[in-house]
Amino acid sequence: MLDPRLIRASLSDVVTQLEKRGFKLDSAGLEALELKRKAHQVETEALQNERNNKSRNIGKAKAAGEDIQPLLAEVAGLSEKLDAAKNALQQVQQEMDEILLGIPNLPHESVPAGRNENDNVEVRRWGEPREFDFKIRDHVDLGAHQQWMDFETASKLTGSRFVVLRKQMAKLHRALIQFMLDMHTIEHGYDEVYVPYIVNRESLRGTGQLPKFEEDLFCVDAEQGYYLIPTAEVPVTNLLRDEIVDAAQLPLKFVAHTPCFRSEAGSYGKDTRGLIRQHQFEKIELVQLVKPDDAWPALEVLTAHAETVLQKLELPYRVMALCAGDMGFSSAKTYDLEVWLPGQQTYREISSCSCFTDFQARRMRARWRNPDTGKPELLNTLNGSALAVGRALVAVVENYQQVDGSIVVPKALQSYMGGVELLQA
RNA sequence: GGAGAGCUGGCUGAGUGGUCGAAAGCGGCGGUCUUGAAAACCGUUGACUCGAAAGGGUCCGGGGGUUCGAAUCCCUCGCUCUCCGCCA
């Protein structure tokens, strides 16, 4: 959520910045609503003040043993007026909230202009795509061996966009998880957390998935408002919802391994082959909660932490700065890491690292006590995948394939594979 | 699943219809004393929101109700704890 005071104070500026990401804000409607809100609020509070005073006087008169009948007559009809004013105010406020919760974050000034992924800007590149002297196979073909990746059985168990991993492939998948968790906890100083995979609506509103993107989620209990998490970002960031932390505790750095569940509504026919776009996948997520002044440097560092995983796995990648039109709803700036996939002869997204400024923190009321002012102030939140495990598995399998279909285990993973150096075809 | 007890400020905890945003203690902050520190003593210390300010309003788990007036009474939902049952 944007700061309502910022919207009030510099509406035209906000409108311009939102246009950069292709969002049209109805400023006239908002201004009109704001005037209504103000009028109703002033009226309501004046009536409340009157009621409070008169009721207090009744109490005093009663205590003094005076006749309170005349005073009671005075307040007659007041409560109806107050109720009416309250209702009017509530209605306007609800309308207002609906609009405010639907406004995306303002893009940072360094975010490139543009409307879609074609306008994203490459920031840097690491590693050289390997030259193959044989016909390259993609991960689906390579995974067919010994049913390493078994999509048919998964579709029997559930439906499309699921997979069963078997034998060494299942173990390689697990090795990737352990490797990434160890790296971030031991080398990058993140605190490992284990969190619920089902969250309530408040949490989803906090990070920005609700109310606008409900169709992307799997609801497991509509009555309770329980949803499967689409990313660990939701439970982990919401750890600080409604909290005020000491400055000395900052920055907070969390890493979590969780499955992620996405309905992929609206992506019918897209990436239907293989492991790229599944309803269920594993992800290692980095989350940071920092002082506002530290947010932008933190985004660079967090992105570098994600990059380290690819470097240790010796997988070629590039870093893309997303253009304003391609960024997620809550993000002020996003870097995507794209890994080279020989099977597709292209770079594909494997990580997304974002700074949300105070956008999520305001929705969550996640705050810190600023020693300079002594007052609670909003935190800034960041997160990034480091990495998406399924896609990392795809990248390893395709980049490390041999002519006979066997897969070399990257050096960094060998100790996690019990010393195995090759998945034998 | 059954029975019971709770939910109050950063924490512990008092408060059963009126000047209660709320005692007290702890913690925090400032000061006195001290070479410095500790102890002791004194003072201070909730959040949100409207307003240029003066000053208002809201918040005692969430929502609703009764009342001129609710932390306090009623309903409902959520959560926590204890005991019993079941269980990875």
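Throughout, a chain's letter reflects where its sequence line sits, starting with A, and its residues are numbered from 1. Only this structure's heavy atoms are used, side chains among them; waters, hydrogens and symmetry mates stay out.
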(message) So for atom NZ, which belongs to A:Lys81, do other residues, nucleotides or ligands contribute more than 12 heavy atoms lying within a distance under 6.0 Å?
(response) no

Just N and O in the side chain of A:Lys375: are any of them under 4.0 Å from OP1 or OP2 of B:A47?
yes

Re B:A70: Watson-Crick or G-U wobble partner, both distances kept under 3.5 Å, found to be none

Pairing partner of B:A5, by Watson-Crick or G-U wobble and under 3.5 Å for both distances, is B:U80

All N/O contacts under 3.5 Å from nucleotides 6-8 of chain B to the protein, with atom names and distances to one decimal?
none

When rounded to whole Å, the CG to P distance for the pair A:Asp3 and B:U49 reads 9 Å

Quick one: is A:Arg369 getting a side-chain N or O under 4.0 Å of the B:G28 phosphate, OP1 or OP2?
-> no

When rounded to whole Å, the CD to C1' distance for the pair A:Glu243 and B:C48 reads 16 Å

Side chain to side chain contact (heavy atoms under 4.5 Å, CB included) with A:Leu393: of A:Leu165, A:Leu387, A:Ile177, only one passes, and it is A:Leu165

Q) Is the A:His305 ring parallel, tilted or perpendicular to the A:Tyr190 ring (thresholds 30°, 60°)? A) perpendicular

Per-nt protein contacts along nucleotides 51-77 of chain B (heavy atom under 4.0 Å; B base, S backbone sugar-phosphate only, - none) come out as S----BSS---------BS--------

Atom CG of A:Leu71 and atom P of B:G18 are separated, to the nearest Å, by 17 Å

Margin query: Could you check whether any side-chain N or O of A:Ser354 sits under 3.5 Å from a backbone N or O of A:Phe356, counting only pairs where one atom can act as donor and the other as acceptor?
Written below: no

